[in-house]
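Report on one structure; see the data block that follows.
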Amino acid sequence: MSGAACAWNGFADRQQLAAALAGNVAARLTKAIDERGTALLAVSGGATPAKFFAALSSIPIAWDKVTVTLVDERFVPPTSPRSNAGLVVANLLQDKAAAARFVPLYHEAASIEDAAAADSEALQSLTWPLDVVVLGMGADGHTASFFPDAGNLAQLLDPSSQRIVLPVHAPSGGEPRLTLSMARIVAAGFIALHIEGEDKRIAFDGAMGAGEKKPIRKVLEAAPIPVEVFWAP
Ligand SMILES: O=C(O)[C@H](O)[C@@H](O)[C@H](O)[C@H](O)COP(=O)(O)O
């Protein structure tokens with residue numbers, strides 16, 4: 001895996017993974033707060049993170065000094081069942097973590113391009129770089145909203161892009177998407193990849209092998225630090 005450094009953290013079951021990942025993330029956030037008085041966390045949506053979110057929400061850290069944002073978002077309002085913001089509010093910003101500040105990506109706009117431009121403006125003021133980013137991965141090797149069939153995939157994967165949020169049109173992604181840029185993701189102090197199930201393990205191994213480089217491989221190669229992979233069957 002030339003240049004694609006990662007550390008594999010395998011767990012017997014998904015509850016043990018959730019507790020371990022939550023403990024790691026909480027420790028990193030607390031370290032950031034101790035060092036700079038604040039912490040910035042970006043999380044992914046989808047079906048995987050709910051147990052992790054619940055475990056993290058119950059850990060008593062200085063949540064009032066934590067800002068939570070999203071790695072990516074579908075272009076839907078928070079009331080939609082497809083909304084990552086809705087998932088985060090309902091599962092992570094509860095219990096102790098209810099005190100955190102949340103900065104969503106979805107805003108009503110005439111187009112996904114307008115929404116991405118507005119986001120890039122609004123997120124300028126966050127305390128970059130991310131202290132923690134938690135990525136997911138699809139069986140097609142996408143992560144964030146870097147879908148292999150995205151029309152602007154080269155721009156999405158460009159580690160030199162100065163943009164914070166980019167628009168995505170990808171047939172396999174469903175609705176148009178908003179995604180943090182590669183540069184913002186790989187600059188994080190701690191990069192976790194949370195995947196579950198045999199299909200995702202096979203997909204990850206395949207992405208790390210020879211052949212066409214999937215987006216997840218490009219992220220691992222662009223990251224200056226090893227990506228911590230958290231996997232359970
Ligand atoms: O908006 C999203 O869907 C996510 O941010 C996306 O990048 C997700 O992490 C993968 O698609 C895996 O999704 P599952 O957890 O549902 O398999």
Side-chain angles (χ1 to χ4, degrees), residues 6 11 14-15 17-18 21-22 25 41-56 68-92 102-106 112 115-116 119 123 130 132-150 152-153 156-157 164-182 184-186 188 191-207 214-220 222-223 227-233:
C6 67
F11 296 87
R14 297 179 179 189
Q15 203 52 52
L17 184 160
L21 180 53
V25 170
L41 165 66
V43 294
S44 296
T48 300
K51 287 190 183 67
F52 156 62
F53 286 163
L56 181 57
V68 179
T69 191
L70 288 165
V71 170
D72 64 339
E73 179 62 283
R74 299 84 181 271
F75 196 47
V76 295
T79 50
S80 163
R82 294 274 300 158
S83 167
N84 287 340
L87 179 82
V88 168
V89 168
N91 293 276
L92 175 55
F102 180 47
V103 178
L105 298 185
Y106 171 81
I112 191 80
D119 270 339
L123 273 67
L130 291 167
V132 175
V133 64
V134 183
L135 300 173
M137 188 194 78
D140 62 355
H142 85 262
T143 189
S145 283
F146 304 159
F147 290 93
D149 61 347
N152 57 335
L153 185 58
L156 295 175
L157 297 178
I164 297 178
V165 175
L166 289 165
V168 183
H169 293 279
S172 63
E175 309 83 353
R177 299 278 190 118
L178 294 158
T179 189
L180 290 187
S181 62
M182 172 74 89
R184 300 291 169 154
I185 289 172
V186 299
I191 308 171
L193 172 63
H194 178 191
I195 52 177
E196 295 177 350
E198 211 45 43
D199 62 330
K200 296 279 183 81
R201 187 188 61 73
I202 291 167
F204 180 79
D205 288 349
K214 300 289 176 71
I216 187 63
R217 173 73 178 267
K218 295 280 195 175
V219 171
L220 266 71
V227 170
E228 294 285 343
V229 185
F230 287 74
W231 177 81

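Atoms within each ligand, like the ligands themselves, are counted from 1 in listed order.
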Requested in this report: Taking only heavy atoms of the protein into account, state which residues are under 4.0 angstrom from an atom of ligand 1, in chain and number order.
Outcome: S44, G45, G46, A47, T48, D72, R74, N84, G136, M137, H142, A144, R177, K200
Query raised in the report: In terms of side-chain heavy atoms, does T179 have a donor or acceptor partner in D72 at a distance below 3.5 Å?
Result: no
**Report entry** S80: side-chain hydrogen bond (donor to acceptor under 3.5 Å, both in side chains) partners, not counting sequence neighbours
**Finding:** none
**Report entry** Stepwise ring-ring contact (aromatic ring centres under 6.0 Å, His included) check, H142 with F147
**Finding:** CA-CA 5 Å; H142 85 262; F147 290 93; 4.1 Å; yes
Requested in this report: Kindly write out the residues that satisfy side-chain hydrogen bond (donor to acceptor under 3.5 Å, both in side chains) with E175, not counting sequence neighbours, or none if the list is empty.
Outcome: R82
**Report entry** Separation between CZ of R14 and CH2 of W231, rounded to the nearest 0.5 Å
**Finding:** 9.0 Å
**Report entry** Residues which pass ring-ring contact (aromatic ring centres under 6.0 Å, His included) with Y106, listed by chain and number, not counting sequence neighbours
**Finding:** F75
